[in-house]
Amino acid sequence: MDSSATSTRREATRQKLYEAAVTLIAEQGFSATTVDEIAERAGVAKGTVYYNFASKSVLFEELLRHGVGLLTASLKEASEKVAGGGGSQVDALDAMIRAGLVFIDRYPAFTQLYVAELWRTNRAWQSTLMVVRQQAVAVVEDVLRAGVENGELSEEIDIPLTAAALVGMVLVAALDWQAFQPERSLDDVHSALSRLLQGRVSGGR
C-alpha cells in the first residue's frame with residue numbers, strides 16, 4: 001500500500017483516539033478512564049490503541065502535545081496574517097486573542113483538561129506539559145518583544161509575565177464564558193478582551 005495513504009490512515013486513527021480520550025477523561029478523569037473505553041469510544045480495537053501508543057499515559061502525553069501544538073499554530077497563523085497585512089503588534093495580539101477563543105470554542109474538553117493539568121505536579125507528563133506551554137507562550141512573547149523594539153509598546157513591559165498573563169486571560173475567560181455565560185457570543189467575548197488589551201497593554205491608544 002502507498003506509504004502516504006498508510007500515513008494518512010494512521011493519522012486519522014490517532015485523531016479518533018485523541019478525541020475519544022479527551023472526551024472521556026474530561027467526563028470522568030484520567031485514572032477512571034480505561035483503554036477499553038477509549039477504544040470503544042473511538043470505534044477501534046483495543047490493540048489499535050497500543051499499536052499507536054505504548055500506554056494510556058503515553059496517549060495522554062501525546063494528546064497534550066497535539067492539542068497545544070494546534071493552539072500554538074493557530075496563534076502564530078493569526079499573528080503572521082496581521083503582520084502580512086501591515087497591522088500593528090497590538091493588532092497581532094488582538095488577533096491571537098480571537099484565535100485562542102476560536103480554538104477553545106472548538107476544543108472545550110481539551111482546554112478544560114489542559115488547564116486542570118497545569119496545576120498538577122505529580123504527573124509523568126509534567127515536563128512535556130511545561131515544554132508545550134512555553135511554545136504557546138513564546139509566540140505571544142515574540143509579538144510583545146517586536147512591539148517593544150519598534151516603540152509601539154512600553155519598554156517597562158515584563159515580556160515573559162505579560163505573555164503568560166495574556167494566554168492565561170484567554171484560557172480562563174473562555175472557560176468562564178462556556179461554563180457560566182454560554183449565551184454570550186464569541187464576538188462579544190472577544191470584544192471585551194480586546195478592550196482590556198487596548199487599555200492595559202497598549203496604554204489606551
What about [X] and [Y], same hydrophobic cluster or not, with Ile/Leu/Val/Met/Phe/Trp/Tyr joined at side-chain heavy-atom distances under 4.5 Å?
{"X": "Leu171", "Y": "Leu196", "answer": "yes"}
{"X": "Leu186", "Y": "Val189", "answer": "yes"}
{"X": "Trp125", "Y": "Met130", "answer": "yes"}
{"X": "Leu70", "Y": "Ile97", "answer": "yes"}
{"X": "Val131", "Y": "Val167", "answer": "no"}

### Query
Does atom CD of Glu155 have more than 12 heavy-atom neighbours, drawn from other residues, nucleotides or ligands, at distances under 6.0 Å?
no
### Message
For Arg106, is the CZ atom crowded, meaning more than 12 foreign heavy atoms sit under 6.0 Å from it?
### Response
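No, CZ of Arg106 has 12 or fewer neighbouring heavy atoms, counting only those of other groups under 6.0 Å.
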[atom1] of [X] to [atom2] of [Y]: how many Å apart, nearest 0.5 Å?
{"X": "Ile157", "Y": "Arg145", "atom1": "CD1", "atom2": "CZ", "result": "11.5 Å"}
{"X": "Ile38", "Y": "Tyr18", "atom1": "CD1", "atom2": "OH", "result": "12.0 Å"}
{"X": "Ile104", "Y": "Thr111", "atom1": "CD1", "atom2": "OG1", "result": "5.0 Å"}
{"X": "Glu61", "Y": "Leu63", "atom1": "CD", "atom2": "CG", "result": "10.5 Å"}
{"X": "Ile25", "Y": "Leu59", "atom1": "CD1", "atom2": "CG", "result": "6.5 Å"}
{"X": "Arg41", "Y": "Lys16", "atom1": "CZ", "atom2": "NZ", "result": "14.0 Å"}

### Task
Please determine if Glu62 and Arg65 form a salt bridge, counting it only when a charged side-chain N lies under 4.0 Å from a carboxylate O.
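Yes, Glu62 and Arg65 are salt-bridged.
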### Message
Parallel, tilted or perpendicular: which one describes the rings of Phe60 and Phe30, with boundaries at 30° and 60°?
### Response
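Because their plane-to-plane angle lies in the 30° to 60° range, the rings of Phe60 and Phe30 count as tilted.
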Closest heavy-atom contact between [X] and [Y]?
{"X": "Glu141", "Y": "Pro160", "value": "OE2-CA, 3.4 Å"}
{"X": "Leu75", "Y": "Gly100", "value": "CD2-N, 4.0 Å"}
{"X": "Val82", "Y": "Ala92", "value": "CG1-N, 3.7 Å"}

### Message
Testing Leu71, Thr72, Leu118, Val68 one by one against Arg133 for a side-chain contact (heavy atoms from CB on, under 4.5 Å), which residue passes?
### Response
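Single pass found, and it is Leu118.
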### Query
Which residues pass the ring pair (Phe, Tyr, Trp, His ring centres under 6.0 Å) test with Phe110, sequence neighbours left out?
none
For the residue pair [X] and [Y], establish whether any side-chain heavy-atom pair is separated by less than 4.5 Å.
{"X": "Val90", "Y": "Leu153", "value": "yes"}
{"X": "His190", "Y": "Asp94", "value": "yes"}
{"X": "Val148", "Y": "Gln89", "value": "no"}
{"X": "Leu24", "Y": "Glu27", "value": "yes"}

Would you tell me whether [X] and [Y] have side-chain atoms, one donor and one acceptor, within less than 3.5 Å of each other?
{"X": "Ser185", "Y": "Asp188", "answer": "no"}
{"X": "Glu37", "Y": "Gln28", "answer": "yes"}
{"X": "Gln15", "Y": "Glu19", "answer": "yes"}
{"X": "Thr13", "Y": "Arg9", "answer": "no"}

### Message
For Tyr51, give me all partners under side-chain contact (heavy atoms from CB on, under 4.5 Å), at least two apart in sequence or on another chain.
### Response
Arg10
### Task
Sorted by first residue and then second, give each salt bridge (Lys or Arg N to Asp or Glu O under 4.0 Å) pair with at least one member in residues 73-86; sequence neighbours left out.
none
